[in-house]
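Report on one structure; see the data block that follows.
In this chain, residues are counted from 1 in sequence order. Since the model is a prediction, treat every value here as computed from it, not as a measurement.
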Amino acid sequence: MWEKISIDSLREAGSVKWSTFPQTIGMFIAEMDLGIPPVVSEVISGQLGRGALGYLPAPVAEAAKEATAHLMASQFSWEVPASRVHLVPDVLSALRQTIAHLSTGPVVVPTPAYMPFLEVPLQCGAEIREVPSLVREGRYELDMAGIDAALADGGLLLLCNPWNPVGRVLERDELAAVEEIVTRRGAKVFADEIHCPLVLDGTHIPYASLSAATAEHTVTALAASKGWNIPGLKCAQMILGPADTEAFAPWAKPAADPVGILGPLAAAAVYRDDRGWRDKVLMVLRADRDITTERLAGIELLAGTRPEGTYISWIDASALAKRVGNPAEYLRAHGVALTDGSLSGRGYENHLRLVFASTPDILHEAFDRIQDACAKA
């Protein structure tokens with residue numbers, strides 16, 4: 001299925017991941033090197049064949065909303081009316097809409113965080129309060145006391161689950177603890193669940209599905225972009241509670257105006273029936289995770305987590321940093337481009353984010369380069 005994928009073919013395709021740093025292996029952007037589902041190719045080819053690349057028709061938008069509701073019910077046992085689903089270009093657009101129209105007060109960000117979560121709120125004029133997470137036996141956990149204190153005067157908690165970049169799939173008791181804090185503090189939650197199709201161990205539980213209270217105080221954002229590798233089609237979904245659905249009504253159409261026709265068509269197709277493509281990808285990602293875990297264990301200067309979800313490994317490169325300074329710059333100079341951990345929050349300067357969604361051959365080549373670079377440090 002992926003036999004023809006190579007470093008050369010990926011460079012020729014010209015994505016940001018493979019063209020930003022020439023002669024490197026791109027592992028710094030959260031997308032897969034595994035192509036796209038055939039059903040997506042068919043949807044796009046069909047539109048091209050009909051010469052149908054006009055503005056987004058209402059029935060196509062409605063079909064995408066209904067497919068989103070179908071996905072939530074069939075995959076995650078969460079019954080959501082399609083009327084509470086809104087289309088936006090991407091998850092960050094959903095966050096901007098939430099800050100602008102549905103929340104007040106500070107934005108509380110557990111760290112390490114998805115990098116734009118530390119940029120977008122500031123761009124929207126909001127105060128950011130970082131809450132560094134706890135680490136127990138190499139496993140990251142939310143600092144509930146820290147979140148409670150940061151939400152003392154209300155605000156918006158950014159909850160990323162599955163958690164980019166540390167790969168956690170939050171469990172029910174953790175989500176219930178968040179619910180208790182947010183409800184008591186009169187706060188809201190922005191739940192980024194874009195990686196929910198990519199659970200490697202455990203079960204994804206939509207935060208808003210816990211109770212009537214969480215359904216009311218949560219904005220859930222998701223998209224087909226990660227699970228089915230189509231970020232360039234620009235179609236995400238916001239799922240709102242009943243009160244927020246009414247409050248957001250004046251802004252729903254402007255928020256959806258940038259969404260084109262191809263993204264909703266593709267999302268509706270894969271949410272309904274991707275013909276087993278994601279199941280095959282999950283098998284590859286679990287094998288990739290095993291390769292990543294094994295190879296990192298053999299590199300003395302690096303210590304990685306074993307992700308439960310996503311296709312991201314979070315690496316402590318403190319030992320390497322003592323020898324070379326900035327580990328991301330050092331490894332990039334040796335042919336592998338990773339994300340600098342400093343972009344994920346204060347105190348993570350000597351960490352790295354590695355995207356391992358690739359073929360085994362490319363993954364081993366990347367780790368050969370990393371291992372060689374660390375041996376020379």
Give a yes or no on whether Arg172 atom CZ has more than 12 heavy-atom contacts from other residues, nucleotides or ligands under 6.0 Å away.
no
More than 12 heavy atoms from other groups under 6.0 Å of CD on Gln75:
yes
Which atom of [X] lies closest to which atom of [Y], heavy atoms considered:
X      : Y      : result
Arg278 : Pro197 : NH1-O, 3.0 Å
Ala267 : Gln237 : CB-NE2, 4.2 Å
Ala377 : Arg323 : O-NH1, 3.6 Å
Ile239 : Thr68  : CD1-CG2, 4.2 Å
Gly227 : Trp277 : O-CZ3, 3.5 Å
Pro360 : Asp288 : N-OD1, 4.4 Å

Hey, mind stepping through Val39 and Val270 against side chain to side chain contact (heavy atoms under 4.5 Å, CB included) and telling me if it holds?
CA-CA 7 Å; Val39 66; Val270 297; 3.9 Å; yes
Rounded to the nearest 0.5 Å, how far does [atom2] of [Y] lie from [atom1] of [X]?
X      : Y      : atom1 : atom2 : result
Ser6   : Ile362 : OG    : CD1   : 6.5 Å
Thr218 : Glu216 : OG1   : CD    : 9.0 Å
Ser83  : Glu66  : OG    : CD    : 10.5 Å
Ile370 : Leu301 : CD1   : CG    : 12.0 Å
Arg11  : Gln23  : CZ    : CD    : 5.0 Å
His334 : Lys376 : NE2   : NZ    : 5.5 Å

Are the side chain of [X] and the backbone of [Y] linked by a donor-acceptor contact shorter than 3.5 Å?
X      : Y      : result
Arg332 : Thr24  : no
Asp143 : Leu134 : no
Ser344 : Met115 : no
Ser77  : Ala73  : no
His101 : Gln97  : no
Gln371 : Ile299 : no
Glu31  : Gly232 : no
Lys226 : Ala30  : yes
Arg369 : Val336 : no
Ser342 : Tyr348 : no

Check the side chains of Ser318 and Asp316 for a donor-acceptor pair under 3.5 angstrom, ignoring hydrogens and angles.
yes
Is the shortest heavy-atom distance from the side chain of [X] to the side chain of [Y] under 4.5 Å?
X      : Y      : value
Pro165 : Thr339 : no
Cys235 : Pro89  : no
Leu352 : Trp314 : no
Val281 : Asn229 : no
Phe190 : Ser103 : no
Leu240 : Val219 : yes
Leu48  : Leu53  : yes
Trp228 : Leu233 : no

Is there a side chain to side chain contact (heavy atoms under 4.5 Å, CB included) between Leu157 and Ile181 once you walk through the steps?
CA-CA 10 Å; Leu157 172 66; Ile181 293 167; over 6 Å; no
Is any NZ, NE, NH1 or NH2 atom of the basic residue among Asp290 and Arg286 found under 4.0 Å from an Asp or Glu carboxylate oxygen of the other?
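No salt bridge links Asp290 with Arg286.
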Whether Arg295 and Asp368 form a salt bridge (side-chain N of Lys/Arg under 4.0 Å from carboxylate O of Asp/Glu) is what I want to check.
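So Asp368 pairs with Arg295 through a salt bridge.
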Tell me, with the steps shown, if Phe367 and Thr292 meet side chain to side chain contact (heavy atoms under 4.5 Å, CB included).
CA-CA 8 Å; Phe367 277 109; Thr292 300; 3.7 Å; yes
Verify the cluster assignment for [X] and [Y]: are they in a single hydrophobic cluster under the rule of side-chain heavy atoms below 4.5 Å apart?
X      : Y      : value
Ile312 : Leu34  : yes
Leu10  : Ile36  : yes
Leu331 : Val324 : yes
Leu102 : Phe117 : yes
Val85  : Leu222 : yes

Stepwise, does the salt bridge (charged side-chain N to carboxylate O under 4.0 Å, His left out) test hold for Glu171 with Arg139?
CA-CA 13 Å; Glu171 297 171 1; Arg139 193 170 188 250; 3.0 Å; yes
From CA spacing to verdict: side chain to side chain donor-acceptor pair (under 3.5 Å), Ser93, Asp90:
CA-CA 5 Å; Ser93 298; Asp90 48 45; 2.7 Å; yes
Walk me through whether Thr214 and Leu175 qualify under side chain to side chain contact (heavy atoms under 4.5 Å, CB included).
CA-CA 10 Å; Thr214 59; Leu175 298 175; over 6 Å; no
Determine which pairs satisfy side chain to side chain donor-acceptor pair (under 3.5 Å) with at least one residue from residues 156-167, sequence neighbours left out, and list them in order.
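Non-adjacent pairs meeting side chain to side chain donor-acceptor pair (under 3.5 Å): Asn164-Arg353.
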Just checking Tyr271 against His70, ring centres under 6.0 Å apart?
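Aromatic pair excluded; centres sit 6.0 Å or further apart.
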Those residues that, when tested against Asp153, pass salt bridge (Lys or Arg N to Asp or Glu O under 4.0 Å) (two or more places apart):
Arg129
